[in-house]
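Source: prediction; values computed, not measured. We number each residue from 1, following the sequence as shown.
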Amino acid sequence: MRCLTAALVNMLVVTAVIMSLPNAFADNLDNSTEQISFSVEVFDVNNTPVKDAVIILTPTFDVPAQEKRAQPAQMNQVDKQFEPHVLVVESGTDIVFPNADNLFHHVYSFSPTKSFELKLYKEFTSEPLRFDQPGIVDIGCNIHDWMLGFIVVADSPFYTKTTAKGNSTIASLPKGTYNVSFWHPLAPQAAPFESDTLTLDATTTITLRLKQAIISDDGFDDGFGDY
């Protein structure tokens, strides 16, 4: 009788554990899909807001597939400058290089991440180029040497770039632990995060401070006339 009672108790315990598994799984699923926001402020050593700082959060856990960009991203050419100066896209994104100037541009890059050349053209949009490999792509114009732009190809859909006020937000982010990376064209080796990982379990705002001055090169005047 005692053996039968013990076996019955064990059966009840196993049954209870099995019945509890779906609820535990559902709780974990709910936690992984709950959305929060992440905001960042970036200042240089002089407490000046830093524009065009790129922060990429790469999840260390599985996340639901994110909606892909429907249209190609754009790196425009306006007043003999690349606009935007820094463009951030997820790997696998198509990019077009329209020319809004009434003069020829010749866009190229020798970067290992993406090497390409768009020969002389003006006042039309080039065919899209796909950027599949994560990394930094510096681009120039073979006619106007002062023109310099950057494309940051992220290996994650969760990234942001700071505004002229030095701030930016990722509005929809799953809770969890992320690998974090930082990049700025004038501080490519900067590492303002205290750790390589960041655990986010609630809406968060952080402030990053660089150890150097960042002097904006926006509005560069070439002084070479219209050619």
Visitor: Taking atom types as modelled and ignoring hydrogens, do the side chains of S111 and D138 form a donor-acceptor contact shorter than 3.5 angstrom?
Guide: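 Their side chains do contain a donor-acceptor pair, which is all the 3.5 Å distance test asks for.
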Visitor: State which residue, out of Y108, F150, F116, F110, fulfils the side-chain contact (heavy atoms from CB on, under 4.5 Å) condition with I139.
Guide: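 Looking at Y108, F150, F116, F110, the match for I139 under the side-chain contact (heavy atoms from CB on, under 4.5 Å) is F116.
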Visitor: Over all heavy atoms of both residues, which pair between T169 and T160 is shortest? Give the atoms and the distance, please.
Guide: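 Nearest heavy atoms, T169 then T160: N-OG1, 3.7 Å.
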Visitor: Could you give me the CA-CA distance, side-chain angles and deciding distance for F97 and L129, then say whether side-chain contact (heavy atoms from CB on, under 4.5 Å) is met?
Guide: CA-CA 9 Å; F97 296 79; L129 298 178; 4.0 Å; yes
Visitor: When you look at E117 and H106, which way does the side-chain contact (heavy atoms from CB on, under 4.5 Å) test go after all the steps?
Guide: CA-CA 7 Å; E117 183 178 21; H106 185 144; 2.7 Å; yes
Visitor: What closest approach, in Å, do S109 and V137 show between heavy atoms, and which atom pair accounts for it?
Guide: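 Minimum heavy-atom contact is OG-CG1, 3.3 Å.
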Visitor: What do the steps show when you test I214 against V42 for side-chain contact (heavy atoms from CB on, under 4.5 Å), and what is the final call?
Guide: CA-CA 11 Å; I214 302 296; V42 183; over 6 Å; no
Visitor: Show me, pair by pair, the donor-acceptor contacts under 3.5 angstrom made by side chains of residues 185-192, not counting sequence neighbours?
Guide:
none

Visitor: If every non-hydrogen atom of P112 is compared with every non-hydrogen atom of Q133, which pair is closest and at what distance?
Guide: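 In terms of heavy atoms, the two residues are closest at O-OE1, 4.0 Å.
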Visitor: With ring-ring contact (aromatic ring centres under 6.0 Å, His included) as the test, pick out the partner of Y178 among F193, F38, F61.
Guide: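 For Y178, the ring-ring contact (aromatic ring centres under 6.0 Å, His included) test succeeds with only one of F193, F38, F61, which is F61.
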Visitor: Please report the closest heavy-atom contact between P134 and A154, naming both atoms and the distance.
Guide: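 Closest approach of P134 to A154: CB-C, 4.5 Å.
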Visitor: For the hydrophobic clusters of this structure (ILVMFWY residues joined by side-chain heavy atoms under 4.5 Å, transitively), does one cluster hold both Y159 and L87?
Guide: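 As far as the 4.5 Å side-chain criterion goes, L87 and Y159 are not connected within one cluster.
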Visitor: Between T199 and T177, is any side-chain donor less than 3.5 angstrom from a side-chain acceptor?
Guide: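 Side-chain D/A pair, T199 to T177: present.
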Visitor: Nearest heavy-atom pair of H85 and M75: which atoms, and what distance?
Guide: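 Looking at all heavy atoms of both residues, the closest pair is O-CE, 4.3 Å.
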Visitor: Can you tell me how far the NZ atom of K80 sits from the CE atom of M147, to the nearest 0.5 Å?
Guide: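 Here the rounded value is 9.5 Å.
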Visitor: Let's go through Y121 and Q77 carefully: what are the C-alpha distance in whole Å and the side-chain angles of both, what is the deciding distance for side-chain contact (heavy atoms from CB on, under 4.5 Å) to 0.1 Å, and is it a yes or a no?
Guide: CA-CA 11 Å; Y121 69 103; Q77 296 147 84; 2.8 Å; yes
Visitor: Test your reading of the model: is there a side-chain donor-acceptor pair from S168 to the backbone of K161, 3.5 Å cut-off?
Guide: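 It does hold such a pair.
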Visitor: Please give me the minimum heavy-atom distance between N99 and L103, naming the atom from each residue.
Guide: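 Heavy-atom minimum between the residues: ND2-O, 3.0 Å.
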Visitor: With sequence neighbours excluded, give me every salt bridge (charged side-chain N to carboxylate O under 4.0 Å, His left out) pair touching residues 88-108.
Guide: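 Found K68-E90, D94-R130.
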